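Contents: one structure, followed by commentary.
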Amino acid sequence: MCSIFGYCGAVPDRAAFDEAFDATRSRGPDDSRVIDTGKGLLGFHRLSIMGLHPEGMQPFELDGSYAICNGEFYGFAKEREKLKEKGYTFESDSDCEILLPMYFEYGVEMFAKLDAEFACVIYDGKTGEFIAARDPIGIRPLYYGYDKNGTILFASEPKNLVGLTEKILPFPPGHYYKGGKFVCYCDIAHAKEVCHDDLETACKTIREKLIAGVEKRLVADAKVGFLLSGGLDSSLVCAIAARKSAKPIKTFAIGMSEDAIDLKYARQVADFIGADHTEVYMTPDDVLGALEDVVRLLGTYDITTIRASMGMYLVCKAIHEDTDIRVLLTGEISDELFGYKYTDFAPSAQEFQKEAEKRIHELHMYDVLRADRCISVNSLEARVPFGDLDFVKYVMSLDPAMKMNTYGKGKYLLRHAFEGLGYLPDSILWREKAAFSDAVGHSMVDDLKQYAETSYTDKEFAERSAQYSFARPFTKEALLYREIFETYYPGQAEMIVDFWMPNKNWKGCNVNDPSARALSNYGDSGK
C-alpha cells in the first residue's frame, strides 16, 4: 500500500499538513515526497511493489500536470504499449505511470476503462483543477473533507484529516470527483441484466474468472505471501496460486493458543498444496493489549470489523517483523457475493440480491477496510482476487435464485466450481466454516466481550451509550469500541453507516450479536 494526500487549494498551515500526512507513513515507508502544484499540495508515501527503482516515485509529472495514486493497474503493460504508439514515453516500470497519459487521452472516461484497484488525485495543469477517483469496490481507501476555507482535501485515511476538516467522509467507490461534484462511473453491485447461464456454465465461468483474478495478482516485483485461514475462500486462493507458482507459496495462519479452530484446517490445506506454511499464535493478553491500537488504526467502532481485525493485525505484524514479504493475497469479498450464514434466511431471491448489492456497496467500510488497515499499517500491500472487477460483475449478474442456498450447503456455486478437480480435498471444499473472528478461537471473542462487561456497570452503560445519537452502542462491547474510536476520531462516527449485522428484518436474523454463532443455522460451523 501507499499513502496519498491532496490538499486542493491554499494550505493555511504547512506544519499541520506535514504532521497529518506523516500519520500514514507506515503505508509507504520506502520514500516520501510532497510537491506544490501552484494550486495546492500533493503528497505521496511510497511502498515499492511495481517498478522498485527511484524513477517510479510519485507524484508523476507530465507537461505541468501531476498525479498521485495508491493503486494496482492489472495488465498495465498492454495499455502502456498503446500509449507508446501515441507518442508517450515512460521513465519507470511503475504501473501508475500510465495514469497521466491515459487522462490526457481519455479524460475522466479513463476510470471506467481501468482494470484496477486504486485511489488517485490528479492535478490538471491546463485547467488548474483537481480530479480524484476511487475503484468500484473501494479496495483502495480514500477519504475527503473541507477545510475552514471550503478547500477540499483527499487522503488515504481518516487519521490524515483529523484536525484539518470538521467532517470526514469516505470517498464513494466507483466515483470520480470533478468540478465540485462526485460522479458515478461504475456501480459494480448493480447488474443491468440478469445472466441466465445454467448451473454448469455458471460454475465453469466462476472458476475461470477466479483463476484469472488470482493469476494477475501474482505479478509483483516484490515478494508475495498468502493469508490462509483454512476456510473455503482463502484456501481456494492459495490452491490456485500454488498451481500457478514455480516454487512453494508462503502461507500464514493465526489462532488463539488455547482453542484455534482453523489452524488445523489451514495446515491441512498447506500440506495438500505443498505450501511453505507458518503458524502464528496469540494469547488473550495479546488481544487485549492490541485492542486500542487496532481501533485507532482501523478508524471504526464496528463490532464485526474490530473482532476480525485482531487476528489479521497480529499475523500481519508477524509477517512484517519476521519476513521480507511485501504483498499479501487474501480471501475477502466472497461472502458478500455468494452468501453467508444469515443470507440463508433471505425470504426471496429478490431480497437476496438486494442484500448482496447493499453489502457490496458498503464493503469499503467493513471487511475491505479491515484488510487494508491491518495489512498497510504493517507496510504490506493487500490484493483481493474475489474483488476482481470481471469476477464481481459476473457473479452479481447471475440469477440470484441460483445463488440462494437451496442446496443444503452455503456458497454451493463456488464449491461446485472446483469440485473434482483436485484443487482442495473434499474435507476442505465442503466444510462449513466459522466467521474469521470466531475461527481464530471462540475464546478470543468471548474474552473481548468479558473485558467489556467488566468495564462498565449496567448504569454506566445506559448513561454513556445514551450520549450517542448516531449508531448508538447496543452492548457493552460496542460501547467500549465506540469510546476508543471517539478518542482518536472525535465526532466522526458517520464515516461508518451503521453496524455490520445480519438483516434484522428477516425472520431468524433479529439477533444482538454479529457473530454467526448467534444464528440458529450455525450448525457444524467452526468444528
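Because the structure is a prediction, the values reported are computed rather than measured.
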Between [X] and [Y], is there a side-chain N and carboxylate O pair less than 4.0 Å apart?
{"X": "Glu97", "Y": "Arg80", "answer": "no"}
{"X": "Glu81", "Y": "Lys84", "answer": "yes"}
{"X": "Glu355", "Y": "Arg359", "answer": "yes"}
{"X": "Lys209", "Y": "Asp390", "answer": "yes"}
{"X": "Arg326", "Y": "Glu381", "answer": "no"}

Worksheet item: Under the salt bridge (charged side-chain N to carboxylate O under 4.0 Å, His left out) criterion, do Arg373 and Glu157 qualify, and how do the steps go?
Response: CA-CA 9 Å; Arg373 302 300 194 280; Glu157 293 192 30; 3.7 Å; yes

Worksheet item: Are Lys126 and Phe104 in a cation-pi contact, defined as NZ or CZ under 6.0 Å from the six-membered ring centre and within 45° of the axis?
Response: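 Yes; both conditions hold, so Lys126 lies above the ring face of Phe104.
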
Worksheet item: On the ring face of Tyr468, is Arg482 found with NZ or CZ under 6.0 Å from the centre and within 45° of the axis?
Response: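 Pair Arg482/Tyr468 counts as cation-pi.
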
[X] and [Y]: which non-hydrogen atoms are nearest, and at how many Å?
{"X": "Ser3", "Y": "Ser156", "result": "CA-OG, 3.5 Å"}
{"X": "Asp233", "Y": "Phe386", "result": "O-CE1, 3.6 Å"}
{"X": "Arg383", "Y": "Arg217", "result": "NH1-O, 2.9 Å"}
{"X": "Cys2", "Y": "Leu47", "result": "SG-N, 3.3 Å"}
{"X": "Cys374", "Y": "Leu297", "result": "N-CD1, 4.0 Å"}
{"X": "Val237", "Y": "Thr330", "result": "CG2-O, 4.0 Å"}

Can you confirm whether the side chains of [X] and [Y] place a donor and an acceptor under 3.5 Å from each other?
{"X": "Asn160", "Y": "Thr24", "result": "yes"}
{"X": "Ser376", "Y": "Arg27", "result": "yes"}
{"X": "Tyr88", "Y": "Glu105", "result": "yes"}
{"X": "Tyr394", "Y": "Asp197", "result": "yes"}
{"X": "Ser229", "Y": "Ser234", "result": "yes"}
{"X": "Arg46", "Y": "Ser32", "result": "no"}
{"X": "Tyr74", "Y": "Asp388", "result": "no"}
{"X": "His45", "Y": "Asp30", "result": "no"}
{"X": "Glu486", "Y": "Tyr301", "result": "no"}
{"X": "Glu129", "Y": "Tyr123", "result": "no"}

Worksheet entry | Chi angles and distances behind the side chain to side chain contact (heavy atoms under 4.5 Å, CB included) call for Leu161, Gln492 | CA-CA 11 Å; Leu161 300 178; Gln492 302 297 338; over 6 Å; no

Practice prompt. Apply side chain to side chain donor-acceptor pair (under 3.5 Å) to Asp187 and His361, showing your working.
Written response: CA-CA 8 Å; Asp187 182 354; His361 282 145; 2.7 Å; yes

Heavy-atom count check: over 12 atoms from other residues, nucleotides or ligands less than 6.0 Å from [X] [atom1]?
{"X": "Lys358", "atom1": "NZ", "value": "yes"}
{"X": "Lys216", "atom1": "NZ", "value": "yes"}
{"X": "Lys250", "atom1": "NZ", "value": "no"}
{"X": "Glu166", "atom1": "CD", "value": "no"}
{"X": "Lys504", "atom1": "NZ", "value": "yes"}
{"X": "Lys317", "atom1": "NZ", "value": "no"}

Side chain to side chain, [X] and [Y], heavy atoms closer than 4.5 Å:
{"X": "Glu357", "Y": "His190", "value": "yes"}
{"X": "Pro173", "Y": "Pro136", "value": "no"}
{"X": "Cys195", "Y": "Asp399", "value": "no"}
{"X": "Ile325", "Y": "His320", "value": "no"}
{"X": "Val224", "Y": "Leu328", "value": "no"}
{"X": "Cys120", "Y": "Ile68", "value": "no"}
{"X": "Lys393", "Y": "Ile188", "value": "yes"}
{"X": "Leu142", "Y": "Asn70", "value": "no"}

Discussion item. Test side chain to side chain contact (heavy atoms under 4.5 Å, CB included) on Leu291 and Ile484; report intermediate values, then the result.
Written reply: CA-CA 9 Å; Leu291 177 59; Ile484 298 173; 4.1 Å; yes

Discussion item. If you apply the rule side chain to side chain donor-acceptor pair (under 3.5 Å), what do you find for Glu292 with Tyr488, and how did you get there?
Written reply: CA-CA 10 Å; Glu292 185 166 341; Tyr488 296 100; 2.5 Å; yes

When rounded to the nearest 0.5 angstrom, what distance separates [atom1] in [X] from [atom2] in [Y]?
{"X": "Glu79", "Y": "Asp115", "atom1": "CD", "atom2": "CG", "result": "11.0 Å"}
{"X": "Ile122", "Y": "Tyr176", "atom1": "CD1", "atom2": "OH", "result": "12.0 Å"}
{"X": "Tyr7", "Y": "Leu41", "atom1": "OH", "atom2": "CG", "result": "9.0 Å"}
{"X": "Leu363", "Y": "Arg370", "atom1": "CG", "atom2": "CZ", "result": "10.0 Å"}
{"X": "Asp335", "Y": "Tyr342", "atom1": "CG", "atom2": "OH", "result": "9.5 Å"}
{"X": "Cys203", "Y": "Leu398", "atom1": "SG", "atom2": "CG", "result": "9.0 Å"}

Treating [X] as the side-chain partner and [Y] as the backbone partner, does any N or O pair qualify as donor plus acceptor under 3.5 Å?
{"X": "Asp302", "Y": "Trp500", "result": "yes"}
{"X": "Arg25", "Y": "Pro29", "result": "no"}
{"X": "Gln353", "Y": "Met396", "result": "yes"}
{"X": "Ser65", "Y": "Gly125", "result": "yes"}
{"X": "Asp147", "Y": "Ile152", "result": "no"}

Item to complete: Indicate the ring-plane relationship of Phe111 and Tyr185, choosing parallel, tilted or perpendicular according to the 30° and 60° boundaries.
Response: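 Geometry flag for Tyr185 against Phe111: tilted rings.
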
Worksheet item: What's the verdict on side chain to side chain donor-acceptor pair (under 3.5 Å) for Tyr103 and Asp124, showing C-alpha distance, side-chain angles and the deciding distance?
Response: CA-CA 9 Å; Tyr103 174 70; Asp124 188 327; 2.6 Å; yes

Worksheet item: So among Phe154, Phe130, Phe171, which one has a ring pair (Phe, Tyr, Trp, His ring centres under 6.0 Å) with Tyr177?
Response: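 It is Phe154; the other options fail the test.
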
Worksheet item: Between Phe499 and Tyr481, does the ring centroid distance fall short of 6.0 Å?
Response: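 Between Phe499 and Tyr481, the centre distance exceeds or equals 6.0 Å.
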
